[in-house]
Amino acid sequence: MTIKRSVEEVYQLAERDGFALLDIAIDEDRLKRTLDNDSCGAFVCFEGRVRNHNNATSVDRLTYYGYDDLAINQGRAIIEQAKQRFEITHAIAIHRIGALEIGDVAVWVGVVSAHRYPAFDACRWILDTIKADIPVWKQEYYENDSSKWLSNNG
């Protein structure tokens with residue numbers, strides 16, 4: 001679960017290749033500045049936050065675990081596919097790992113393009129593909145101190 005890169009290396013990886021796993025709070029402002037581009041009229045982002053329930057069950061906190069090397073390779077491929085599939089200039093996605101509290105940002109996706117429709121479409125596609133394909137699992141903890149393992153889509 002521990003990332004073997006420094007925080008600066010993680011951000012450089014995300015800025016260069018478009019994807020990274022991070023074990024501390026995501027710096028959304030830094031990512032937005034990285035994506036700033038005068039040729040782009042659209043910036044779309046998604047912030048997935050830890051919520052206090054899953055279906056009808058109250059959730060106290062959760063922990064994400066990830067397979068770093070495989071996740072980075074798959075994340076890079078997802079961003080490249082998005083660039084080929086949609087008319088976007090750049091995209092960055094970061095998924096948190098480690099212990100998260102209610103309200104923490106667990107996943108962040110940002111996309112820039114000349115026009116809004118490709119940015120919206122690519123942002124959703126990137127998020128859905130990350131949730132389906134990236135090797136990240138979560139363990140939810142409940143009020144009674146029990147926990148349950150879920151896939152990243154769970």
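Predicted, not measured: the structure shown is a model, and the values here were computed from it. Heavy-atom basis, side chains included; hydrogens, waters and symmetry copies ignored.
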Looking only at atom types and distance, does a side-chain atom of [X] sit under 3.5 Å from a main-chain N or O of [Y], one as donor and one as acceptor?
X: R96; Y: I24; answer: yes
X: T129; Y: W125; answer: yes
X: R61; Y: E101; answer: no

Determine whether [X] and [Y] make a side-chain contact, defined as any pair of heavy atoms from C-beta on separated by less than 4.5 Å.
X: I79; Y: D17; answer: no
X: V59; Y: N52; answer: no
X: H90; Y: N37; answer: no
X: I72; Y: R5; answer: yes
X: N54; Y: E140; answer: yes
X: F46; Y: V111; answer: no
X: I78; Y: F19; answer: no
X: R30; Y: E15; answer: yes

Rounded to the nearest 0.5 Å, what separation is found between the [atom1] atom of [X] and the [atom2] atom of [Y]?
X: D27; Y: L22; atom1: CG; atom2: CG; result: 9.5 Å
X: L100; Y: K138; atom1: CG; atom2: NZ; result: 10.5 Å
X: D121; Y: I88; atom1: CG; atom2: CD1; result: 10.5 Å
X: N144; Y: S58; atom1: CG; atom2: OG; result: 9.5 Å
X: Q12; Y: E8; atom1: CD; atom2: CD; result: 4.5 Å
X: I126; Y: K83; atom1: CD1; atom2: NZ; result: 9.0 Å

Heavy-atom pair with the smallest gap, counting every atom of [X] and [Y]:
X: Y11; Y: I94; value: CE2-CD1, 3.9 Å
X: S113; Y: E87; value: CB-O, 3.3 Å
X: F43; Y: G110; value: CE1-CA, 4.3 Å
X: A20; Y: L13; value: CB-CD2, 4.3 Å
X: V50; Y: L62; value: CG1-CD2, 3.7 Å
X: A42; Y: A119; value: CB-CB, 4.0 Å

Checking T63 against Y141 for the side chain to side chain contact (heavy atoms under 4.5 Å, CB included) test, could you report, in this order, the C-alpha distance in whole Å, the side-chain angles of both residues, the deciding distance, and whether it holds? CA-CA 8 Å; T63 300; Y141 295 89; 3.6 Å; yes
Linked, directly or transitively: V44 and L31 (ILVMFWY side chains, under 4.5 Å): no
Are Y117 and L127 in one and the same hydrophobic cluster, where Ile, Leu, Val, Met, Phe, Trp and Tyr link if side-chain heavy atoms are under 4.5 Å apart? no
More than 12 heavy atoms of other residues, nucleotides or ligands under 6.0 Å from [atom1] of [X]: yes or no?
X: F120; atom1: CZ; answer: no
X: Q139; atom1: CD; answer: yes
X: R124; atom1: CZ; answer: no
X: Y67; atom1: OH; answer: no

Side chain to side chain contact (heavy atoms under 4.5 Å, CB included) partners of Q84, counting only residues at least two apart: none
Audit row: H95, I130, side chain to side chain contact (heavy atoms under 4.5 Å, CB included) steps and yes/no: CA-CA 9 Å; H95 202 299; I130 285 170; 4.3 Å; yes
Mind checking what makes ring pair (Phe, Tyr, Trp, His ring centres under 6.0 Å) contact with W149, not counting sequence neighbours? Y65
